[in-house]
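Here is the structure we will look at.
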Amino acid sequence: MQVAHAPWWLGALVVVGTLAVGSYAVAALHELLATAVAGGGVRVGEGVAAPWRRAALLLRQERTRTEAPDPITWALAPALYGGLAALALTVVPLSSTFAVADFRTGIVVWGAAEALAIVAIFLHGWSPNSLFPLVGAYRFVALALSYELLSMFVLIAAALPAESLQLTDIVAAQHGLWNVVRQPLGLPLFLVVSLGVTFWGPLDLADSSDLAGGTSAEASGGQRLSWQLARCAMLFSFAAMGATAFLGGPLGPWLPGPLWLLTKTVVVLVILVGLGHVVGRVPPERFVAVGWGLLLPLAFLDLLVAGLEALP
Amino acid sequence: MTLQTLLVVSAALVGVGVYGALSQQSFVMIMMGLELMLNGVMLAAVAFWALAAAGTPKGQLLTIVAMAVMAVEMVIGFAVVVAVYRARQVDMTDMLDELKR
Amino acid sequence: MSAFLVDLAFWVFAVGAVWTGYRVFRTDSMVRASFLLLASLVNVGAIMLLLSAEYLGFALIFMMALEMMVMALFMVMFMMNPAGLNPMVMVHQNRLSAVAGFAAFLGLSAVGVLADFPDRPVPEPVGVVARLGEELLGDSMLVFESVGVLLLATMIGAVALSSQRGRYGAADEGSEPPPMVPREGGAR
């Protein structure tokens, strides 16, 4: 399909700008929903200010040191994770004819970014050379193998009606009917993957408090801030992808495409962050059993439904 | 970027892989040497596909088969390492010297 | 992209692939070794992208990221010195291997440089992915089926080889946990 091309610097600017605003929005939403879920009503002023306050606090904090860390890897792991969030966002079409990098194999690019994100999280836990971070990293990788399979099956199912791995084609194929109606299992499974890969809420099993902070147990100050920022950015990218692959992305009446995409992304974000507040942390061993025994067969079912519908 | 330079690069990858697979003592490091050799093979296959085969998809298929071989090598390799370790507490080739005696 | 930029990118990725590949066997840490190998594979994937093999390049990066992740897990599980805090040399027949590796490099690159290969580049990059898909899943699906069956057999074999409990009881029955200090006179 023919798409518009932008100069590379404009694309980079769009992606970085969107992610900067997006990750701040995720942090603010996290605070807002926390008060709302706790019954304190919607306090916009507090929610908007809280991320800045936390960031300022972290920036004033002293850096912790560990014995014989791998300093370069430790410092670069958040950058790698955030950069992968940006790479993942480049393939998401912002309007029905424009994505920053509209690869013919968009779904595979997304999968590569997800797979390398797992490596980034492992390195973040391995590099401080400390016990709890390594345990968190190990546990995350063991779980991540089940997220990755789920993610690929539901995204391939979403690509089936379009008969293309290109995301602008996938959006175009949802003109008549969104994938969320066509494949009702897809979006919920993708939300599970999103929470898993960004270790958010119920699936916060990499940085959880039962491991004294997991992979970021030894991170403090600006390093912790950048890691949390990267994590918010990744959650934003996942929400944008969920909105694109299952909710029709920029498709919709009256409003221009980017606004529709933004609206749907925010809806997905509210669901994700809200789930993070409402559902308690899942025990990892139970999640592995559920993941392989229940969620993976459901993903197969999703693929089967998509395949049957795609038959001529 | 010509076919010649691409083939030299892939030959270098295979060469390093041969060195690693022959010189390392630990099973897992030997597997890394094998993977590096397959890496060179895949590069050469894609180079031939792109520059000498007029775009018939056969070269790409060869690469896909090489990827499958990598996966098989790793799975079976780790399974054997686990089995050997269970039986003998051994993770290096030189410790498996029963047949030498 | 201009031809010069493509050439520059190719040399950066080529040197990166070979250098990180060599560093795999020169680092003290097992985890570093597996991620250096991943770096080498990612560089090769990038060269594939330059060669307009879009699907293969990204698929290589995607698959190898997961594969090397698993590799690193096994590394930490089996090996001493996962963090690379102590210097470590675990090689044998070093000189012979170096000669063999160099000979392989010379022989293969001689073939690459001296042999006369046809010069028939990909006509247009559009439709490359579609043609690959048709070849893979068209008519008889031979490659797809055989690779699928191969992987299934591999999975079954690996589970049979490594599972804890077999027909004759637990696999580690009668074995002992590894000692904290090395046994005298080697492993046995």
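Note that the structure is a prediction, hence the values are computed from the model and not measured. For the numbers below, each heavy atom of this structure counts, side chains included, while hydrogens, waters and symmetry mates do not. Every chain is numbered from 1 and lettered A, B, ... according to where its sequence line falls, protein lines coming before strand lines.
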Relative to chain B, which segment of [X] carries a heavy atom at a distance below 4.5 Å: side chain, backbone, both, or neither?
X: C:Val24; result: both
X: C:Val113; result: both
X: C:Leu106; result: neither
X: C:Arg23; result: neither
X: C:Ser146; result: neither
X: C:Ile47; result: side chain
X: C:Met71; result: both

Among [options], which residue forms the greatest number of heavy-atom pairs with chain C at distances under 4.5 Å?
options: B:Leu61, B:Ile76, B:Val69, B:Thr63; result: B:Leu61
options: B:Gln4, B:Gln60, B:Met42, B:Lys58; result: B:Gln60
options: B:Ser23, B:Pro57, B:Ala79; result: B:Ser23
options: B:Thr5, B:Thr56, B:Val14; result: B:Thr5
options: B:Val65, B:Thr2, B:Ile64; result: B:Ile64

State, with a plain yes or no, whether a side-chain heavy atom of [X] is found less than 4.5 Å away from one of [Y].
X: C:Phe117; Y: B:Leu51; result: no
X: C:Leu161; Y: B:Val82; result: no
X: B:Val75; Y: C:Met155; result: no
X: B:Trp49; Y: C:Leu132; result: no
X: C:Leu41; Y: B:Met70; result: yes
X: B:Asn39; Y: C:Met64; result: no
X: C:Val147; Y: B:Met67; result: no
X: C:Phe105; Y: B:Val8; result: yes

Pick from [options]: which one has the most heavy-atom pairs with chain B under 4.5 Å?
options: C:Val15, C:Val44, C:Asp7, C:Val99; answer: C:Val44
options: C:Glu134, C:Met63, C:Glu67; answer: C:Glu67
options: C:Asp119, C:Asn94, C:Val143, C:Val159; answer: C:Asn94
options: C:Val111, C:Leu108, C:Leu51, C:Leu150; answer: C:Leu51
options: C:Phe102, C:Trp11, C:Phe10, C:Phe144; answer: C:Phe10

Checklist entry - Hey, is OH on C:Tyr55 packed in by over 12 heavy atoms from elsewhere, all under 6.0 Å? => result no
> With a cut-off of 6.0 Å (strictly less than), are more than 12 heavy atoms of other residues, nucleotides or ligands near CZ of B:Phe48?
Replying inline: yes
Over all atoms of both residues, closest heavy-atom pair of [X] and [Y]:
X: C:Phe25; Y: B:Met29; result: CE2-O, 3.8 Å
X: B:Ala71; Y: C:Leu151; result: CB-CD2, 4.3 Å
X: B:Leu36; Y: C:Ser40; result: CD1-OG, 3.7 Å
X: C:Ala53; Y: B:Val46; result: CB-CG1, 3.8 Å
X: C:Pro118; Y: B:Ala52; result: O-CB, 3.3 Å
X: C:Ala104; Y: B:Gly15; result: CB-CA, 4.4 Å

When rounded to the nearest 0.5 angstrom, what distance separates [atom1] in [X] from [atom2] in [Y]?
X: C:Asn43; Y: B:Leu43; atom1: CG; atom2: CG; value: 10.5 Å
X: C:Thr154; Y: B:Met74; atom1: OG1; atom2: CE; value: 12.0 Å
X: B:Leu6; Y: C:Met48; atom1: CG; atom2: CE; value: 10.5 Å

| Going through the distances and angles, do C:Phe13 and B:Val9 end up as a side chain to side chain contact (heavy atoms under 4.5 Å, CB included)? | CA-CA 10 Å; C:Phe13 292 138; B:Val9 170; over 6 Å; no
Should B:Val28 and C:Met30 be marked as a side chain to side chain contact (heavy atoms under 4.5 Å, CB included) after you check the CA-CA gap, both sets of side-chain angles, and the distance that decides it? CA-CA 9 Å; B:Val28 192; C:Met30 295 296 188; over 6 Å; no
Honestly, the part of B:Ala53 sitting under 4.5 Å from a heavy atom of chain C is backbone
- Task: Determine yes or no for a side-chain-to-main-chain donor-acceptor pair under 3.5 angstrom, with C:Gln93 supplying the side chain and B:Leu22 the backbone.
- Result: yes
